[in-house]
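Report on the structure given below.
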There are 2 protein chains.
Amino acid sequence: MSVTLKDVAARAGVSVTTASRALAGYADVSAETRQRVAAAATEMGYRPNVTAQRLQKQRTDTLGFIMPTFGPRFSDPFFSEFIAGIGNEAAAHNYDLLVSAHAPDSEGERQAYERAARGGWVDGLIVVRTRVNDPRIQLLCRQGCPFVAFGRSVGELDYPYVDEDSLTGVGLLVQHFIDLGHRRIAFISPPTTLMFGQHRLQGYRQTMAANGLPIQPDWIVEGDLTQRGGAEKAEQLLRLDPPPTAMIVGNDLMAIGAMRSIQQHGLQIGKDIAIGGFDDIPLSAYTNPPLTTVHQPIYDIGRQVCAMLVNIINRRPLPTAHVLLTPTLIVRESSGGPVSALNEL
Amino acid sequence: MSVTLKDVAARAGVSVTTASRALAGYADVSAETRQRVAAAATEMGYRPNVTAQRLQKQRTDTLGFIMPTFGPRFSDPFFSEFIAGIGNEAAAHNYDLLVSAHAPDSEGERQAYERAARGGWVDGLIVVRTRVNDPRIQLLCRQGCPFVAFGRSVGELDYPYVDEDSLTGVGLLVQHFIDLGHRRIAFISPPTTLMFGQHRLQGYRQTMAANGLPIQPDWIVEGDLTQRGGAEKAEQLLRLDPPPTAMIVGNDLMAIGAMRSIQQHGLQIGKDIAIGGFDDIPLSAYTNPPLTTVHQPIYDIGRQVCAMLVNIINRRPLPTAHVLLTPTLIVRESSGGPVSALNEL
DNA sequence: GAAGCAATCCGAAACGTTTTGGATGTCTTC
DNA sequence: GAAGACATCCAAAACGTTTCGGATTGCTTC
């Protein structure tokens, strides 16, 4: 069906070996033969069979990325941007990117990682949204499968990662609201099974404490990272008596949902209540009002994670195995202005 | 390094052939041997080498998806949902999904398709956002490479696709606004190099015409599908004198950007001006006010496209090679109420 | 007791590459 | 004119799997 190296060799009147070496640019083939082979190859439209090359080279030149997806209607701009990042960087290094989707901690996910770690399915993996006691990381470490994670983990396992210091990030947000005079600040946390959930929650707790502000237990609720989840949890917070004067939401998507709930309560964001998100997805600049948030360079993180993985696979020394990015606060109108702190508590 | 079939065979005391057949469940191996082989395999942690299997079977069991991405900060929720759809469906059929990203009509894109079409890189491709005179489709048809597209095309080429009838979809929107009494209805079009840009623009034109409403040339502007683009184009429309009383925007992302511009002009959406989008991304239910739009089941379309492709690859008869989905209008608050038609023109 | 048959196993080829380890011939060099 | 150096080529093995076409054994059957 397809034209193979043997065909090209026959056409050029040389052996398969010579044809191979001619195309690969080895020195032990004369300029004239090289040319003849090249001509034959282009004439016949020869494309090397990647599978055969991979079998021979004992490497797949492929990276794996297993998206942790929750349910069907899965529409998170994070993943589009992240995949674009790793995809472009992978292409720059002549790697392919294999993507699949599995629910976190599902049996299917376990099997997918199992399969990836052995059997030469891919040369390395990219892991995102690391979890507390992450079984994926444990498995990959145990099997010695190359990988780089976007996100730290707890425990003694040492592995390469890129992460944003979201503890500090949320701290910036909290301090920002405190400086504006807010005292009753609530927090819609990402799932605390996720490492960044832990970090962001801690950032909230620590900064409140550092300012000597007490936290009511019901100021902390946990959402599922979707708009719907954010809306529901915000609804819950708004029913408190007295309600919080500011909300910090664990990611922008939930924050957008929360804004909706606030507005449905007839409250004006930036005046009656302040709100801040996390991620700085492009949309957050276009909400009404625009959302105060913490920037996270998803595309660049994707590229960096991928570049690190390629280095590991090729056993090149890694400049740094642990990258922690400093977050920057993006203040927009959803912060509102200063409020009088006196009648706050 | 990895444990191969030869190792398993040796351990079980049989030939490679028998080991292979035992694991594959052939009938010509005794129950006892089969068991011994299976035991050896699990004990040694054997995973078949996919590359070798692929070379032998002369198929990759892999599907390809080349994302058309514009620029770096690329964050379109469409893609995460679509990839989740094809990814899950592919997994259900034991196919892998290879993803890469290239700018539309770039040299890199051309090469990627070229490579895919020959050389057994993947067994088939999924094409989205079909373009007028789409070079990708022409190439794939010419090479006889299996593919299914999300989106129709023009020309005599016949190929399998799934598409939403967005001409009708935009028609629903236009009629909806006309029924509310609007007469000066503007349209922010998707790029008309894209087929769905053409369809949506036509839907606007036809329905306006069908209602005997003239279209001012400057009511039609073309945006780039991003929020930013939508905001810019809306800005342009709002500067018209008189400005439109309703805007139909070619996709939700741009609509969200447009809403921002409208609000910055101090206008109230649903009262001073109506706006409608297209796609019904989850976010559109959470904007302020919620956005009237046309639903498009991206996840399901992804699944369906993928299922069709798998059928084609395995030469199974396709129930229907051309699927055209009927759109449904989702009316939300951004539509506003009836306006008096008299003082409109 | 030879022929036929089923059950069970295996050697070897094949998939399309790359690479190892020569083989062959030509040209210098003394 | 023999010995080494060099340029150019190639046969065969290897990568790990599947499968084709037997081979072997033991059991029926007449």
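Values in this document were obtained by computation on a predicted structure and should not be read as measured data. Below, read A as the first sequence line, B as the second, and so on, with proteins coming before strands; counting in each chain starts at 1.
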Cation-aromatic face contact B/Arg129/B/Phe78, 6.0 Å, 45 degrees: yes
Terminal helix-axis angle for the helix from C/dG1-D/dC30 to C/dC30-D/dG1, with five pairs defining each axis and rounding to 10 degrees: 60°
Nucleotide range of DNA chain D lying under 4.0 Å from chain B heavy atoms: D/dG16 to D/dC20
Heavy-atom donor-acceptor pair, [X] side chain to [Y] backbone, under 3.5 Å:
X: A/Thr62; Y: A/Thr60; answer: yes
X: B/Asp61; Y: B/Tyr95; answer: no
X: A/Thr320; Y: A/Val323; answer: no
X: A/Thr193; Y: A/Arg131; answer: no

Residue closer to the 5' end of DNA chain C, B/Val14 versus B/Gln58 (nearest nucleotide): B/Val14
A/Phe79 ring center within less than 6.0 Å of B/Phe79 ring center: no
Collect all protein-nucleotide pairs involving nucleotides 17-22 of chain C in which both atoms are nitrogen or oxygen and the distance is under 3.5 Å.
unit_1, atom_1, unit_2, atom_2, d
C/dT17, OP1, A/Tyr46, OH, 3.1
C/dT17, OP1, A/Asn49, N, 3.2
C/dT17, OP2, A/Leu5, N, 2.7
C/dT17, O5', A/Tyr46, OH, 3.2
C/dT17, O2, A/Gln56, OE1, 3.4
C/dT18, OP1, A/Gln53, NE2, 3.1
C/dT18, OP2, A/Ser20, OG, 2.8
C/dT19, OP2, A/Tyr26, OH, 3.0
C/dT19, O4, A/Thr17, OG1, 3.4

Under a plain distance cut-off of 3.5 Å, with no hydrogens placed, do [Y] and [X] share a side-chain donor-acceptor pair?
X: B/Asn314; Y: B/His93; value: no
X: A/Ser20; Y: A/Thr17; value: no
X: B/Asp163; Y: B/His322; value: no

Pair A/Tyr159-A/Phe147, ring pair (Phe, Tyr, Trp, His ring centres under 6.0 Å): steps then yes or no: CA-CA 8 Å; A/Tyr159 64 90; A/Phe147 74 98; 5.6 Å; yes
